[in-house]
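First the structure, in the form of structure tokens, and then the observations on it.
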Number of protein chains: 2
Amino acid sequence: MSTAPTKTKSRGKGRVTLEDIAKLLNISAITVSRALNSPEKVSDKVRIKIETAVSELGYIPNRAAKSLATNRTNTIAVVIPSISNTVFSNVIKGIYDVCTPADLDVLFANTYYSTQKEESLIAKLLTQHPDGIIITGLDLSDKSKKLLNNAAIPIVQIMETGYKDPIDMNVGISHFGAGKMMGEYLVARKYQHIGFIGAQMDFRSQRRMSGFLTALNNAGLEATDYILTTKAASSVKLGGQLIADILTTHPQIDAVFCNNDDIAYGAIYECQRRQLQIPQQIAIAGFNDLDASACINPSLTTIKTPLYEMGSTAAQLLVKRIKNQPIDNTCIDLGVELKARDSA
Amino acid sequence: MSTAPTKTKSRGKGRVTLEDIAKLLNISAITVSRALNSPEKVSDKVRIKIETAVSELGYIPNRAAKSLATNRTNTIAVVIPSISNTVFSNVIKGIYDVCTPADLDVLFANTYYSTQKEESLIAKLLTQHPDGIIITGLDLSDKSKKLLNNAAIPIVQIMETGYKDPIDMNVGISHFGAGKMMGEYLVARKYQHIGFIGAQMDFRSQRRMSGFLTALNNAGLEATDYILTTKAASSVKLGGQLIADILTTHPQIDAVFCNNDDIAYGAIYECQRRQLQIPQQIAIAGFNDLDASACINPSLTTIKTPLYEMGSTAAQLLVKRIKNQPIDNTCIDLGVELKARDSA
DNA sequence: ACATAAAATGTTAGCGCTAACATTTGGGGT
DNA sequence: ACCCCAAATGTTAGCGCTAACATTTTATGT
């Protein structure tokens with residue numbers, strides 16, 4: 001009845017194994033393994049025979065078996081709040097671009113901005129015994145920290161730095177500093193009623209706001225009235241709603257710092273609809289300097305964050321540690337840059 | 001000298017194993033395994049002892065060993081052109097939201113829109129022996145197809161459908177149909193000189209253009225003069241450049257279909273800078289209906305594509321096949337919707 | 001031709017887990 | 001007290017690969 005090849009092996013889907021190749025060529029499995037993993041240790045004659053057989057039989061190595069035997073997985077885990085956020089797509093690209101040539105697989109997990117999910121996710125990720133882990137933020141629960149410490153693998157915490165000591169390594173920027181920078185810029189521009197709108201108010205957004213308010217306070221401005229934030233997910237649409245709301249309650253506002261560029265785009269569009277001149281009647285500033293920020297009208301004054309570099313630098317640190325190479329600095333602040341454009 | 005716990009085992013990082021827990025409690029490893037994987041098979045008394053020990057010792061199961069023993073990985077692989085593209089972030093979210101509750105890990109690979117990379121990536125992914133695979137597009141090289149067929153796992157091809165037969169399952173939309181739909185809409189609106197600009201002209205973009213041109217031809221319009229495309233990566237900035245270029249060479253153009261919303265945003269911004277009234281002097285249309293498209297001024301006429309649904313539906317098909325559940329339709333067209341807004 | 005090192009290949013065992021079967025234990029029912 | 005069956009637990013072996021050591025083959029110098 002069946003046309004499927006009947007194997008004598010009790011379990012297994014009948015995939016081609018090293019053993020199969022070895023038997024076919026009348027050599028031992030370890031020679032086949034060596035031909036594939038360290039070809040210089042095998043004579044050319046045998047190596048070529050093996051390579052031919054491998055390609056003819058369509059042999060595909062089994063990573064699980066390799067991992068079990070070597071106690072290495074060639075995988076790193078990445079824990080981020082949201083994969084569908086443009087900010088993190090850039091970070092991820094940086095991670096990929098470093099890991100791919102280093103032959104490291106990347107496993108992602110989304111926390112959806114939930115500390116609780118973070119714990120279970122970390123536990124689940126560790127199940128894969130990754131060779132290293134990249135995790136967003138410095139605020140980890142004690143349980144998460146314990147899990148990570150027990151894993152005894154290199155860890156890089158990314159996105160922010162300076163706020164508290166990392167578990168292991170750290171690559172990021174100072175969000176407090178970045179917020180303060182923008183606050184000081186708007187103060188220097190003589191705006192009188194400076195507001196703040198923000199969505200997805202995670203720890204880093206809160207610190208940006210905190211730095212921002214510090215700058216206003218230092219300048220003797222009372223800013224606490226002009227704050228409107230939500231924990232809801234950030235979007236362009238929400239930016240429009242937030243600015244609409246804050247302008248309704250506080251029409252005197254003449255400048256707004258948006259906690260990210262998406263919110264700022266929405267704010268700009270809404271102001272346009274209300275025929276408000278930017279920046280003459282109201283100034284708008286953003287955060288991150290996404291691709292579109294230089295193109296929108298008016299071009300957006302924002303803070304450029306090294307998203308791609310945070311990912312690539314973190315991945316480089318991991319690769320070095322995995323390869324036991326020396327690392328001179330395990331705590332890296334990549335800095336930010338204020339892009340003064342037309343909107344503020 | 002050393003404070004590290006010296007294990008008798010020759011290899012291994014000294015992680016806690018099932019065996020360790022079993023020895024501690026004077027029971028067998030398989031009972032511990034059962035307590036964790038099918039608790040109903042173990043008496044409450046023993047189960048509770050095990051659970052306590054597991055949590056105290058910080059035991060984390062080893063997936064590699066489990067995979068090797070069960071010949072299942074609980075992992076699916078996803079092959080997409082680019083992870084940093086907003087379009088795919090939405091698709092990915094759909095995949096995640098289905099796979100996470102089904103306890104399936106997701107492994108990503110980027111082809112960067114290169115067929116050649118696709119082949120090596122597929123080979124590398126199969127190394128992990130995923131339980132299923134989601135792959136972008138219907139155009140796969142013979143080598144890729146052979147690899148996938150040999151793997152003997154469920155496969156879902158996503159993003160497009162109808163163009164050619166899938167290897168296994170298929171979830172997507174008709175890009176030709178979507179392009180034609182937009183062409184017919186602009187024709188019905190009596191535009192006379194209708195152009196097309198596009199970046200990242202992959203297979204699907206080409207088919208959108210093809211459908212679009214078919215609609216124009218059917219209406220007796222000559223469109224081939226008003227086409228400007230590039231293989232360069234799509235971006236808002238590039239949208240501005242493309243429309244600038246095509247308006248320089250063909251100032252008579254009165255409507256432009258952009259191959260995606262990013263390009264359309266850039267085109268809108270550039271037209272604003274040139275003081276061109278949209279849609280009075282020039283109409284702009286996009287593709288995908290990203291979040292911002294309803295907010296931008298003027299709001300963008302575009303084609304809404306079921307990005308999230310393509311991801312979630314594909315993942316659902318995979319989950320069903322992995323669990324051997326019946327599937328009624330293995331080839332699903334999710335359809336598109338033309339969002340007529342102010343820009344065209 | 002022969003000793004000797006180096007290169008190539010092989011043997012054995014075990015990584016941590018679970019499938020399949022084997023055995024023991026614990027409740028009823030009479 | 002006895003049997004019977006089901007529930008609970010254990011034993012054995014093997015998934016596919018590679019580390020570590022063992023052995024064979026080949027090249028090199030004299």
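Every chain is numbered from 1, with letters handed out A, B, ... down the list of sequences. Here the structure is a predicted model, which is why all the values come from computation and not from measurement. Side chains included, hydrogens not; waters and symmetry mates left out as well; all remaining heavy atoms used.
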Testing C/dA8, C/dC17, D/dA8 for proximity to the side chain of B/A69, the answer is C/dC17
Testing C/dT11, C/dC17, D/dG10 for proximity to the side chain of B/I27, the answer is D/dG10
Exercise. Are A/N62 and D/dC15 close enough that a side-chain N or O sits under 4.0 Å from OP1 or OP2?
Worked result: no
Distance-only criterion, 3.5 Å: show the donor-acceptor pairs between side-chain atoms of residues 103-110 of chain B and protein atoms not counting sequence neighbours.
unit_1, atom_1, unit_2, atom_2, d
B/D105, OD2, A/Q128, NE2, 2.5
B/D105, OD2, B/R63, NH2, 3.0
B/N110, OD1, B/I83, N, 2.9

| Does a nitrogen or oxygen in the side chain of A/S33 sit under 4.0 Å from OP1 or OP2 of D/dT18? | yes
| Salt bridge between A/K93 and A/D97, side-chain N to carboxylate O under 4.0 Å? | yes
Can you pull every protein N or O that's under 3.5 Å from an N or O on nucleotides 22-24 of chain D?
none

Winner on side-chain proximity to A/I30, out of D/dC17, C/dT18, C/dT11, is C/dT11
Closest to the side chain of A/A65, out of D/dC17, C/dT18, C/dG16, is D/dC17
**Prompt:** So, is A/T31 close to the C/dG10 phosphate, meaning a side-chain N or O under 4.0 Å from OP1 or OP2?
**Reply:** yes
Which of D/dC15, C/dC15, D/dA19 is nearest the side chain of A/T70? It is D/dA19
Among the nucleotides C/dT18, D/dT18, C/dT9, whichever has the atom closest to the side chain of A/L18 is D/dT18
Which of A/V79, A/I76, A/T75 passes side-chain contact (heavy atoms from CB on, under 4.5 Å) with A/L125? Answer is A/V79
In whole angstroms, the gap separating C1' of C/dG16 from CG of A/N71 amounts to 10 Å
> Would you say C/dG10 has OP1 or OP2 under 4.0 Å from some side-chain N or O of A/S28?
Replying inline: yes
Between A/D44 and A/R47, does any side-chain N to carboxylate O distance fall below 4.0 Å? yes
Quiz item: Should B/K41 be listed as having a side-chain N or O under 4.0 Å from OP1 or OP2 of D/dA8?
Solution: no
Between B/Y59 and A/R47, the residue closer to the 5' end of DNA chain C by nearest nucleotide is A/R47
Taken in chain and number order and not counting sequence neighbours, the residues that satisfy side-chain contact (heavy atoms from CB on, under 4.5 Å) with B/D168 are B/P154, B/I155, B/R321
